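Notes follow the structure.
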Amino acid sequence: MRKKIVAGNWKMNTTVPEGVELAKAVVAASAEVPAEVGLIIATPATHLCPVAEVVKGTRVELSAENCADKEKGAYTGEISAAMVASTGAQWTILGHSERRQYYGETDAKLVEKTKLALANGLGVILCVGETLEEREAEKHFDVVKAQTLNVLDSFTAEDMKSIVIAYEPVWAIGTGKTATADQAEEIHAYIRGVLAEKFGAQVADDTTILYGGSCKPSNAKELFAKPDIDGGLIGGAALKAADFIGIALSY
Ligand code: PGA
């Protein structure tokens, strides 16, 4: 059975002390959430070590928001998957649309990043999603299929045990415009079909597919009620512990 997950993506928000306080508040509120719902917080790289201390021994897991496409060496400013793992983090987000859009993240780089993340024992939350232009041109299925397979073609069914997909339509991120539950379910089911074709029905059935894009306590219930939506990747609403946990309580 695939796992339900609610993951918070803090993006470039909070100072270290603020992040530590937020993590403490999430941990404190996490007891209310049903045990079968996994909770992950993805913090800026500067926050990973102190937040790892906060979440240690709790049910809250820790994620980076990115890692490098190179193993180590002369890559000033980059943070390797080994470094992320050494903080105590168990996950990294990869391929967020903001990284694709503003930092030249390509599918080829994502293959390298995913390989290094898995080799260092990290789980990967791989983000896919179409832009508004692509949706209006009715290319969203093709775009999402290409983003998914361009990366996952390099991985095995065994690797898929450590990979979660996050479908995040770019037009819904930070805009207040959520995909309707039906729109999201349609593409989640499609992604599961793509996974079934590539890896077989069992892997497809076991893979967690999260929805992201203006998910909040008021709309999470309807989204999470859909059979192929296995939780959420939460941006803005993850910056308030009560909202983040409120979303997790929608299960
Ligand atoms: P949002 O961001 O919830 O603020 O729309 C989601 C994301 O980008 O992961």
Side-chain angles (χ1 to χ4, degrees), residues 4-14 18-19 22-23 26 37-45 47-48 51 60-67 89 91-105 110 113-114 117 123-132 134-135 140 143-144 147-148 151 163-181 183-185 187-188 191 208-224 226 229-251:
K4 295 177 166 80
I5 296 174
V6 175
N9 173 15
W10 293 3
K11 309 193 179 186
M12 198 173 74
N13 292 298
T14 74
E18 287 164 354
L22 177 55
V26 169
V37 181
L39 294 173
I40 301 174
I41 49 180
T43 79
H47 299 35
L48 290 172
V51 171
V60 178
E61 295 180 36
L62 181 61
S63 176
E65 298 174 8
N66 181 34
C67 72
W91 295 88
T92 186
I93 296 174
L94 290 177
H96 191 281
S97 63
E98 287 150 15
R99 300 226 41 101
R100 293 178 189 262
Q101 199 178 342
Y102 308 135
Y103 300 99
E105 195 110 299
L110 288 171
K113 290 182 179 206
T114 304
V124 170
I125 302 171
L126 177 68
C127 303
V128 298
E130 80 286 357
T131 62
L132 182 59
E134 289 162 344
R135 178 158 282 258
H140 45 296
V143 167
V144 164
Q147 286 175 335
T148 304
V151 176
I163 298 176
V164 165
I165 310 280
Y167 167 65
E168 300 202 308
V170 178
W171 47 272
I173 296 177
T175 57
K177 223 177 173 184
T178 326
T180 65
Q183 274 175 325
E185 170 59 21
I187 204 137
H188 278 234
I191 293 169
T208 297
I209 307 178
L210 307 180
Y211 169 77
S214 298
C215 187
K216 36 190 188 270
S218 58
N219 59 25
K221 210 173 190 68
E222 199 189 344
L223 287 160
F224 295 176
K226 294 292 181 188
I229 301 180
D230 309 314
L233 181 55
I234 320 300
L239 295 172
K240 282 198 187 129
D243 286 352
F244 180 62
I245 294 297
I247 291 170
L249 285 173
S250 302
Y251 269 118

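What you are looking at is a predicted structure, and each value in this text was computed from that prediction instead of being measured. For the single chain, residues carry numbers from 1 onward in sequence order. When a ligand or atom number is given, it counts from 1 through the structure's own listing order. We use all heavy atoms of the structure for the numbers below, so side chains are in, but hydrogens, waters and symmetry mates are not.
Taking any N or O of G174, backbone or side chain, at least one lies under 3.5 Å from an N or O belonging to ligand 1. Of the N or O atoms in G236, one or more lie within a sub-3.5 Å distance of an N or O in ligand 1. Ligand 1 has no nitrogen or oxygen under 3.5 angstrom from a nitrogen or oxygen of G213. Ligand 1 has an N or O atom lying under 3.5 Å from an N or O atom of S214, backbone or side chain.
Put simply, the side chain of E130 never gets that close to the backbone of V144: no donor and acceptor are under 3.5 Å apart.
For atom 2 (O) of ligand 1, the closest heavy atom belonging to the protein is K11 NZ, 3.3 Å. The nearest heavy-atom contact from the protein to atom 3 (O) of ligand 1 is G235 N, 2.9 Å. For atom 7 (C) of ligand 1, the nearest non-hydrogen atom of the protein is E168 OE2, 3.1 Å.
With a 4.5 Å cut-off on side-chain heavy atoms, N9 and I125 do not count as touching.
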Would you tabulate the side-chain donor-acceptor contacts of residues 234-249 under 3.5 Å, counting partners in other chains and residues two or more places apart, or write 'none'?
none

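Under 4.0 angstrom from ligand 1, the non-hydrogen atoms of N9 all belong to its side chain.
For the residue pair H96/E168, the side-chain donor-acceptor check at 3.5 Å is satisfied.
Both tests pass for K4 against the ring of Y251: distance under 6.0 Å to the centre and angle within 45° of the axis.
Among H96, K216, E98, the residue whose heavy atom sits closest to atom 8 (O) of ligand 1 is H96.
With a 6.0 Å radius and a threshold of 12 heavy atoms from other residues, nucleotides or ligands, E222 has its CD atom at or below the threshold.
For V170, the side chain to side chain contact (heavy atoms under 4.5 Å, CB included) partners are S97, Q101, T131, not counting sequence neighbours.
Using a non-hydrogen distance threshold of 4.0 Å, A172 registers as a contact of ligand 1.
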